[in-house]
Amino acid sequence: MNEARVDKWLWAARIFKTRSIAVDAIKNGRVTMNGMNVKPSRMVKEGEVISVRKPPVTYSFKILKTIEQRVGAKLIPEIYENVTPADQYELLEMNRISGFVDRARGTGRPTKKERRALDEFIGPSMDDFDDFDFDSDDI
């Protein structure tokens, strides 16, 4: 087999957990080849480079083998080569480090742990002022 549908290949290569998630990503324009959006039925060949945008990173994969049946995780290095630029991974690391400061709209309230980390990051808490001697007579 030297060709495969792009949606089946993305699922079989374990880039997406289900084929329907792969189809949704393709329809929403998160999967491109040569800078062009593709359709789920687009046939891919060996040697082509496919880009998948999973915010905030755009991953790039060079197709080494076209498959339509899902394979074990140990066989993935035979299926594709990850050619994602290093700057994308730096972006991912920066986003992971500062992720709790800039919450995405609609993600709900921060958890208790996130709130404490946010408070610590933004400024000192009232506990830091225990070293000062405040008297009501001084005011």
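Predicted model only: the values in this text are computed from it and were never measured. Atoms considered below: every heavy atom in the structure, side chains included; atoms not considered: hydrogens, waters and symmetry mates.
- Linking ILVMFWY side-chain heavy atoms closer than 4.5 Å, directly or via other members, places V57 and Y89 in a single hydrophobic cluster.
- Both V31 and I79 are members of a single hydrophobic cluster when ILVMFWY side chains are connected at heavy-atom separations under 4.5 Å.
- A donor-acceptor contact shorter than 3.5 Å is absent between the side chain of T58 and the backbone of V52.
- Between L75 atom CG and E78 atom CD the span is 5.0 Å, to the nearest 0.5 Å.
- The line from CD of E48 to NZ of K62 is 11.5 Å long, rounded to the nearest 0.5 Å.
- Cluster annotation: F16 and V49 are assigned to distinct hydrophobic clusters (Ile/Leu/Val/Met/Phe/Trp/Tyr, side-chain heavy-atom contacts under 4.5 Å, transitive).
- Both I67 and I63 are members of a single hydrophobic cluster when ILVMFWY side chains are connected at heavy-atom separations under 4.5 Å.
- Listed here is the closest heavy atom pair of M33 and V44: SD-CG1, 3.7 Å.
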List the steps, then state whether side chain to side chain contact (heavy atoms under 4.5 Å, CB included) holds for R5 with R19. CA-CA 11 Å; R5 285 177 54 116; R19 189 169 156 207; 3.9 Å; yes

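- Under the 4.5 Å side-chain criterion, counting only non-hydrogen atoms from C-beta, F61 is not in contact with V83.
- Taking each heavy atom of A13 and Y80 in turn, the nearest pair found is O-CE2, 3.2 Å.
- Put simply, the side chain of N28 never gets that close to the backbone of R30: no donor and acceptor are under 3.5 Å apart.
- When all heavy atoms are compared, the tightest approach of P40 to D7 is O-OD1, 3.0 Å.
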Carefully, step by step, assess I15 and K54 under the rule side chain to side chain contact (heavy atoms under 4.5 Å, CB included). CA-CA 10 Å; I15 295 170; K54 290 185 179 182; 4.3 Å; yes

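- Using a distance-only test at 3.5 Å, with no hydrogens or angles considered, no donor-acceptor pair links the side chain of E68 to the main chain of A4.
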Step by step, would you call I26 with L10 a side chain to side chain contact (heavy atoms under 4.5 Å, CB included)? CA-CA 10 Å; I26 293 168; L10 289 168; 3.9 Å; yes

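- Side-chain atoms of Q88 do not come within 3.5 Å of backbone N or O of P85 as any donor-acceptor pair.
- Atom CZ of R70 sits in a crowded spot, with more than 12 heavy atoms from other residues, nucleotides or ligands closer than 6.0 Å.
- Side chain of W9 to main chain of K65: a donor-acceptor pair is present (N/O by atom type, distance under 3.5 Å, no hydrogens or angles).
- Note on I21 and I76: same hydrophobic cluster, where clusters join Ile, Leu, Val, Met, Phe, Trp and Tyr whose side-chain heavy atoms are under 4.5 Å apart, directly or indirectly.
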